[in-house]
Amino acid sequence: MVPLLYFQLLGAALFGIGLYGVLARRSAVLIVLSIELMLNAVNINLIAAASYLNGIGRFDAFDGQIIAIFVITVAAAEVGLAFAIILRMYRNRGTVNVDEINILKW
Amino acid sequence: MQLALFIIVAIFTIGGALGVVATRNVVHAALFLLLSLLGAAGAYLLLFAEFLALVQVLIYGGAIIIVVLFAVMLTRSSEYPRITDNRQWPLALLTAAALSGVLGAAFWLAPEVVAEPQAPEFTELAASLFTKWALPFEIASLVLLVALIGAIIIARAQNVDTPTDASSDGEG
């Protein structure tokens with residue numbers, strides 16, 4: 001049997017990798033992909049907690065799995081909107097490099 | 001046995017994630033992301049969350065990766081290989097490692113859970129979703145609708161001949 005801790009450490013590692021991608025990448029597409037990694041890390045933690053902690057303390061009725069469903073829903077909406085914005089950005093500025101999208105920079 | 005499966009799943013998940021943040025090729029990054037997401041689906045299966053694993057494969061593997069590949073295709077330009085990482089990437093690495101370390105330490109030091117993983121009945125899950133979580137469920141459908149319409153309006157090809165007031169809504 002796998003302890004809960006292993007799943008939590010997997011989620012923490014995945015979240016760190018996603019954060020590195022968001023901070024270090026300069027292509028907008030790759031930043032969105034890294035955000036997906038972070039959302040998945042959160043989902044792994046939620047589902048692990050839902051499975052292991054069901055009935056302990058205030059956890060009941062597998063709320064974690066339900067919240068994970070909502071996270072997936074919002075992630076799908078976010079990806080659609082993000083790529084619409086990236087397409088518009090590419091058409092207007094001819095680039096997806098976020099360092100060159102600086103017209104709002106003061 | 002379960003531990004061996006978990007290690008395989010973890011290697012897939014972490015390896016795919018590292019591929020996403022390491023590769024220079026955007027299409028390869030999308031395919032690495034798919035690998036990582038399928039690894040996560042495997043982790044859900046190990047947690048007896050079959051429904052979530054199915055949703056993960058369908059929505060991420062079937063929809064999100066397709067959207068990503070379409071976006072890469074439509075913004076296809078010669079610049080992708082030239083977009084390098086930030087100059088501050090060591091700082092980003094330090095930040096990410098520190099956050100992972102803090103999270104890992106918090107999990108490590110938390111009181112140990114000795115419970116077995118349990119599987120919910122589908123009916124139980126559905127009953128909870130449509131009673132206790134009915135309002136968030138409805139709001140989620142509204143969010144999807146708004147995102148859909150917003151994406152269409154933002155990404156719509158703009159007509160150059162339209163007057164200024166009519167084209168302003170196309171700017172999003």
Side-chain angles (χ1 to χ4, degrees), chain A residues 1-2 4-10 12-21 23-27 29-30 32-34 36-37 40 43-44 47-48 50-54 56 61-63 65-66 68-70 72-81 83-88 90 95-97, chain B residues 2-3 6 10 13-14 17-18 20-21 26 29-30 33 36-37 40 43-44 46-49 52 55 59 63-64 67-68 71-72 74-75 79-80 83 85-86 89 92-93 95-97 99-100 103-104 107 113 115-118 120 125 128-129 133 136 140 143-144 147 150-151 154-155 172:
Chain A
M1 202 198 88
V2 190
L4 171 62
L5 179 67
Y6 289 10
F7 285 100
Q8 291 176 326
L9 291 181
L10 175 66
L14 204 57
F15 197 89
I17 294 171
L19 180 68
Y20 170 76
L23 291 177
R25 294 300 217 168
R26 286 201 295 193
S27 162
V29 175
L30 291 171
V32 174
L33 295 190
S34 301
E36 289 306 308
L37 283 181
N40 256 277
N43 270 348
I44 288 178
I47 294 172
S51 289
Y52 278 88
L53 301 179
N54 185 41
I56 298 177
F62 298 97
D63 287 345
Q65 290 204 17
I66 308 266
I69 292 175
F70 288 129
I72 290 176
T73 310
V74 172
E78 172 248 327
V79 164
L81 268 184
F83 283 113
I85 291 171
I86 289 173
L87 272 187
R88 167 59 62 182
Y90 178 72
T95 180
V96 292
N97 185 343
Chain B
Q2 279 208 338
L3 196 62
F6 174 79
T13 312
I14 299 288
L18 287 176
V20 172
V21 296
V26 187
L33 180 69
S36 180
L37 297 175
Y44 299 167
L46 280 179
L47 290 163
F48 303 109
L52 263 298
V55 165
I59 293 186
I64 289 184
V67 171
V68 170
V72 171
L74 290 174
T75 60
E79 66 164 353
Y80 275 125
I83 302 181
D85 285 357
N86 256 331
W89 69 265
L93 189 61
T95 312
L99 181 72
S100 277
L103 287 176
F107 290 137
V113 176
E116 297 270 322
Q118 300 167 57
L125 207 60
S128 181
L129 186 60
W133 296 88
V143 165
L144 280 176
I154 291 173

So, the part of Ile69(A) with a heavy atom under 4.5 Å from chain B: the answer is both
Donor-acceptor pair, Thr73(A) side chain versus Ala140(B) backbone, under 3.5 Å?
no
Per-residue tally against chain B (heavy atom, under 4.5 Å) across Ile17(A), Leu30(A), Leu87(A), Leu19(A) peaks at Ile17(A)
Could you tell me how the ring of Tyr6(A) sits relative to the ring of Phe6(B): parallel (under 30°), tilted (30 to 60°) or perpendicular (over 60°)?
tilted
Winner by heavy-atom pair count (cut-off under 4.5 Å) against chain A, out of Leu18(B), Leu37(B), Leu52(B), Thr13(B):
Leu52(B)
Val20(B) to Arg25(A) - nearest heavy-atom pair and separation
O-NH2, 2.9 Å
Let me know if Leu33(B) has heavy atoms under 4.5 Å from chain A in its side chain, its backbone, both or neither.
side chain
Under 4.5 Å from a heavy atom of chain B, the part of Tyr52(A) involved:
both
Looking at Ala13(A) and Ile14(B), what are the two nearest heavy atoms and their distance?
CB-CD1, 3.8 Å
With chain A as the partner, which of Ser36(B), Gly150(B), Pro136(B) has the greatest number of non-hydrogen pairs under 4.5 Å?
Pro136(B)
Donor-acceptor pair, Arg88(A) side chain versus Ile154(B) backbone, under 3.5 Å?
yes
Once you round to the nearest 0.5 Å, how far does CD of Glu78(A) lie from CD1 of Ile64(B)?
7.5 Å
Output, in order, the C-alpha distance, side-chain angles, deciding distance and verdict of side chain to side chain contact (heavy atoms under 4.5 Å, CB included) for Ile44(A) and Tyr44(B).
CA-CA 7 Å; Ile44(A) 288 178; Tyr44(B) 299 167; 3.8 Å; yes
Do Thr95(B) and Tyr20(A) touch side chain to side chain, with heavy atoms closer than 4.5 Å?
no
Considering all heavy atoms of both residues, which atom of Ala151(B) and which atom of Leu81(A) are nearest to each other, and what is their separation?
N-CD2, 3.7 Å
Starting from the C-alpha separation in whole Å, work towards a yes-or-no answer on side chain to side chain contact (heavy atoms under 4.5 Å, CB included) for Ile47(A) and Phe48(B).
CA-CA 9 Å; Ile47(A) 294 172; Phe48(B) 303 109; over 6 Å; no
Ranked by heavy-atom pairs below 4.5 Å to chain B, first place among Ile85(A), Leu14(A), Leu4(A), Val74(A) goes to Leu14(A)
Is the backbone of Ala12(A) close enough, under 3.5 Å, to the side chain of Ser100(B) for a donor and an acceptor to pair up by distance?
yes
The interface call for Ala63(B) against chain A, heavy-atom contacts under 4.5 Å, is neither
Side-chain touch Tyr90(A)/Leu74(B), heavy atoms, less than 4.5 angstrom
no
Looking at chain A, which one of Ala96(B), Ala43(B), Ala97(B) has the largest number of heavy-atom pairs inside 4.5 Å, strictly under?
Ala96(B)
Leu99(B), part contacting chain A, at a heavy-atom distance under 4.5 Å:
side chain
In terms of heavy-atom pairs under 4.5 Å with chain A, which of Val55(B), Ile59(B), Val68(B) leads?
Val68(B)
